[in-house]
Peer 1: 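Encoded as structure tokens, here's the structure I'll be asking about.
These values consider heavy atoms only, across backbone and side chains, with no hydrogens, waters or symmetry-generated copies.
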Amino acid sequence: MKKSFIESQKKMLLAKRQEIMDTLKGRNEQLSNLVEAAEPGDEADLASDRIDGNLALKLGDEDMRRLEQINSALERITKGTYGVCQNCGDDISEGRLEAMPYAMLCLNCQAAEERRNR
């Protein structure tokens with residue numbers, strides 16, 4: 001794989017990581033504000049606050065999962081294994097890495113994994 005491609009992927013991954021971290025920081029501030037603003041109210045208010053809090057936590061979980069995937073991809077870049085399928089050892093296509101820069105599996109192995117998980 002070309003070094004220039006890997007470098008551009010690294011820059012993009014670092015930018016995505018910073019974006020997620022900024023989003024998580026903003027969500028944490030929103031959640032803190034929601035908790036601070038919570039006053040005993042009617043059941044509808046309490047349910048709405050609970051839903052808002054659960055949604056913020058769920059979105060945060062998804063961002064944390066993506067952040068872990070990005071950090072893993074950056075670690076593979078450092079180790080020199082970026083773009084190599086973690087299952088079969090074949091190269092992951094540049095097109096797949098452009099679409100999903102933290103991909104750990106080639107298309108064939110990913111499809112097989114999804115079939116197993118059905």
Peer 1: In terms of side-chain geometry, is the basic nitrogen of E113 or R116 positioned less than 4.0 Å from the acidic oxygen of its partner?
Peer 2: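 Salt bridge flag = yes for R116 with E113.
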Peer 1: Tell me, with the steps shown, if K10 and L14 meet side-chain contact (heavy atoms from CB on, under 4.5 Å).
Peer 2: CA-CA 6 Å; K10 182 179 179 179; L14 289 169; 4.1 Å; yes
Peer 1: With distance as the sole test, does R96 use its side chain to make a donor-acceptor pair with the main-chain N or O of P101 at under 3.5 Å?
Peer 2: no
Peer 1: Any side-chain donor-acceptor pair under 3.5 Å between D22 and Q18?
Peer 2: yes
Peer 1: To check you understand the geometry: which heavy-atom pair defines the closest contact between A73 and Y82, and what is its length?
Peer 2: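 Residues A73 and Y82, closest heavy atoms: O-CD1, 3.8 Å.
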Peer 1: Any chance you could measure D90, atom CG, to L107, atom CG, to the nearest 0.5 Å?
Peer 2: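 It comes to 11.5 Å.
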Peer 1: Between K11 and E7 (salt bridge meaning N to carboxylate O under 4.0 Å), is one present in this structure?
Peer 2: no
Peer 1: How long is the span from the CD atom in Q86 to the SG atom in C109, to the nearest 0.5 Å?
Peer 2: 10.5 Å
Peer 1: Strictly distance-based, threshold 3.5 Å: is any side-chain N or O of T81 a donor or acceptor partner for the main-chain N or O of I77?
Peer 2: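 A pair under 3.5 Å: no.
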Peer 1: If you apply the rule salt bridge (charged side-chain N to carboxylate O under 4.0 Å, His left out), what do you find for K79 with E75, and how did you get there?
Peer 2: CA-CA 6 Å; K79 290 180 177 179; E75 186 176 324; 3.0 Å; yes
Peer 1: Would you name the heavy atoms of M1 and I92 that are closest together and state the gap between them?
Peer 2: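 For M1 and I92, the tightest heavy-atom pair comes out as CE-O, 3.5 Å.
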Peer 1: Do M104 and M64 belong to the same hydrophobic cluster, where Ile, Leu, Val, Met, Phe, Trp and Tyr are linked whenever their side-chain heavy atoms lie under 4.5 Å apart, directly or via other members?
Peer 2: no
Peer 1: Can you tell me if Q9 uses its side chain to pair, donor with acceptor, with the backbone of L97 under 3.5 Å?
Peer 2: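 Pair found, side chain donor or acceptor close to backbone of L97.
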Peer 1: For S93 and C106, what are the C-alpha separation, side-chain angles and deciding distance, and is it a side-chain contact (heavy atoms from CB on, under 4.5 Å)?
Peer 2: CA-CA 7 Å; S93 72; C106 67; over 6 Å; no
Peer 1: From K16 NZ over to R66 CZ, what is the distance, rounded to the nearest 0.5 angstrom?
Peer 2: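 If I round to the nearest 0.5 Å, the distance is 6.5 Å.
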Peer 1: Can you tell me how far CG of L13 sits from CG of L74, rounded to the nearest 0.5 angstrom?
Peer 2: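 Nearest 0.5 Å value for the CG-CG distance: 5.0 Å.
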Peer 1: Which distance, rounded to the nearest 0.5 Å, do you find between the CG of L67 and the CG of L24?
Peer 2: 6.5 Å
Peer 1: Under a 3.5 Å distance rule, please check whether S72 uses its side chain to pair with a backbone N or O of E68 as donor and acceptor.
Peer 2: no
